[in-house]
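Numbering of residues begins at 1 and proceeds along the displayed sequence.
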Amino acid sequence: MLYQHGQPGRRYAELKTIGEELKRAGEQFLGAENRNWVAMILSYDTRWAFQIQPNHTDFHYPALFTSYYKALHSRNIGVDIVPPGADLSRYRLVIAPALYILPDEAADSLRSFVQNGGLLIATARSGVKDEANAIVNRYLPGLLAEVCGVEVDEYDVQPADSTILIELALPNRETQSAQSRLWFDVLRTTTAQSVATYQTGYFSGTPAITLNRFGEGQAVYVGTLGDDALHDTVLDWALKSAELHSALSAPAGVEVTERWQGNQRLLFLLNHTVETQEVPITQPHLDLLSGTTVNEIVKMPPYGVSVLQEQG
């Protein structure tokens, strides 16, 4: 490539200039940090426990975790992946899919998070075992039963090609229908309210998803493993409830992430599509890669990248 068209010196100079520009840009955001408001709890003990005892031949813990993560990523919501027992005090929304192994420390952390105003999403197959992989002698979701305000009375499983219709009546949203699959908790509410019910099966009319106020916060218990569409609907409601949104309203296929250097915010835009995309902005920004100031619209070429710095 350096020798095409018989102009090796010119091509080399162009590449050197580009390299110097990228180096200067990199120095301006070196050390920038994430400040995400959403966390997902990933438990390797849970993953290994499911490998030993899958619960359902078609259930895969990584796939469930990824389904919830995709719903956040598609909305350009930054996520921290944290272990059980992590300090959750900085977050507004915490998602803990199928936390099968639930040590006391992790349960205490989640209890404190909700009690102090956080919004928790927990799912079926949570709190089944302790840190020694021993089944707990209490109604599921075990140590989270009080926080979620619900108890699992019984459960049913179905083949992968079988679905159960549920009707969602989440607060401040129109009633919607969705499909659930694989695993179906039959729930008995203690302090929670039902926000979704099964529409078919012998447990028709019983809660599928519940919402509980605990302390200053709320806990959602999703009593089925669901699919992408169901998780997407639940997370859409949760994000609005927690007043969380993307830094920019970007078209599909454009990824937006935030980084911070003190009080200075940097926006990283990545166009993952083969077409030119336009991203609206509400105030002038300096594009650190091109050195130009952009106003109102950021035009991104196919697979283009921009790093924007807010201008005061």
Could you tell me whether the side chain of S246 and the main chain of L248 form a donor-acceptor pair under 3.5 Å? yes

Lys/Arg cation over aromatic Y61: R125, 6.0 Å, 45° cone: no

Is there a side-chain contact between E105 and E131 (heavy atoms, below 4.5 Å)? no

Crowded around Q51 CD? As in, over 12 foreign heavy atoms under 6.0 Å? yes

Atom pair NE2 (H231) and NZ (K70), whose distance is rounded to the nearest 0.5 Å: 10.5 Å

Regarding N212 and Y221, do their side chains bring together a donor and an acceptor under 3.5 Å, going by distance alone? no

For F113, does the six-membered ring have the charged nitrogen or CZ of R92 within the cation-pi criterion, i.e. under 6.0 angstrom from the centroid and within 45° of the normal? no

Aromatic centroids of F59 and W183 separated by under 6.0 Å: no

Is V220 close to L120 at the side-chain level, that is, under 4.5 Å between some pair of heavy atoms? no

Over 60° means perpendicular and under 30° means parallel, so tell me whether Y198 and F184 are parallel, tilted or perpendicular. perpendicular

Over-ring placement of R259 relative to F268, 6.0 Å and 45° cut-offs: yes

Would you say R213 has more than 12 foreign heavy atoms packed within less than 6.0 Å of its CZ? no

With the side chain counted from C-beta on, respond yes when N271 and T276 share a heavy-atom pair under 4.5 Å apart, and no when they do not. no

Between the side chains of D236 and R75, is the shortest nitrogen-to-carboxylate-oxygen separation below 4.0 Å, so that they form an ion pair? yes

Do D153 and R188 sit within salt-bridge range, that is, some charged N less than 4.0 Å from a carboxylate O? yes

